[in-house]
Amino acid sequence: MQDSRILKLANVLINYSCALKKGEKVLIEAKGIDYMLVNAIVKEVYAVGAYPFVEIYDNRVTRELLMGETEEYAKLKAKYASYRMADMDAYIGIRGGDNSNETADVP
């Protein structure tokens, strides 16, 4: 059974905070959290006739990517992220995680 607070939060995020309308696009980025909130948000997005674009990140994978990142690679990532963000009507970023020091050793 789904926690009713998750369903309420998803509803508030889509219908109040973002005020998403039919045909609009929302980017949902989730880092270090369980899938249940993301799924609830996706259902709310579909309920209003909008389009969810979801990225789920694992902080352990992010750490490995950052360990080998160069300035050139960082610029490429920023270029593509900028284009993606510019094409969205709304953005929801959710952050969490068990280990807040996962990237503490990244130079």
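Keep in mind that the numbers below use all heavy atoms, side chains included, and drop hydrogens, waters and symmetry copies. Quantities reported herein were computed from a predicted structural model and do not represent experimental measurements.
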With a 4.0 Å cut-off, would you call Arg60 and Glu64 a salt bridge? no
Hey, could you give me the NZ/CD1 distance between Lys43 and Ile14, rounded to the nearest 0.5 Å? 14.0 Å
For Tyr83, is the NZ or CZ atom of Lys79 found under 6.0 angstrom from the centre of its six-membered ring and inside 45 degrees of the ring axis? no
Does some side-chain heavy atom of Lys21 sit less than 4.5 Å from a side-chain heavy atom of Val48? no
Are there over 12 heavy-atom neighbours, none belonging to Tyr91, within less than 6.0 Å of that residue's OH? yes
Asn11 side chain reached by Lys8 side chain, heavy atoms, under 4.5 Å: no
Is it true that Met36 and Val54 fall in one hydrophobic cluster, defined by side-chain heavy atoms closer than 4.5 Å? yes
Is the closest side-chain heavy-atom distance between Leu13 and Glu44 below 4.5 Å? no
Answer yes or no: is there a side-chain heavy-atom contact under 4.5 Å between Arg63 and Asp105? yes
Cation over ring, Lys25 on Tyr51, under 6.0 Å and within 45°? no
Enter the distance from Leu9:CG to Tyr16:OH here, rounded to the nearest 0.5 Å. 13.5 Å
If you count heavy atoms of other groups shown closer than 6.0 angstrom to NZ of Lys77, is the number above 12? yes
Does the side chain of Glu29 come within less than 4.5 Å of Arg95's, by heavy atoms? yes
Do the side chains of Ile41 and Ile94 get nearer than 4.5 Å, heavy atoms only? yes
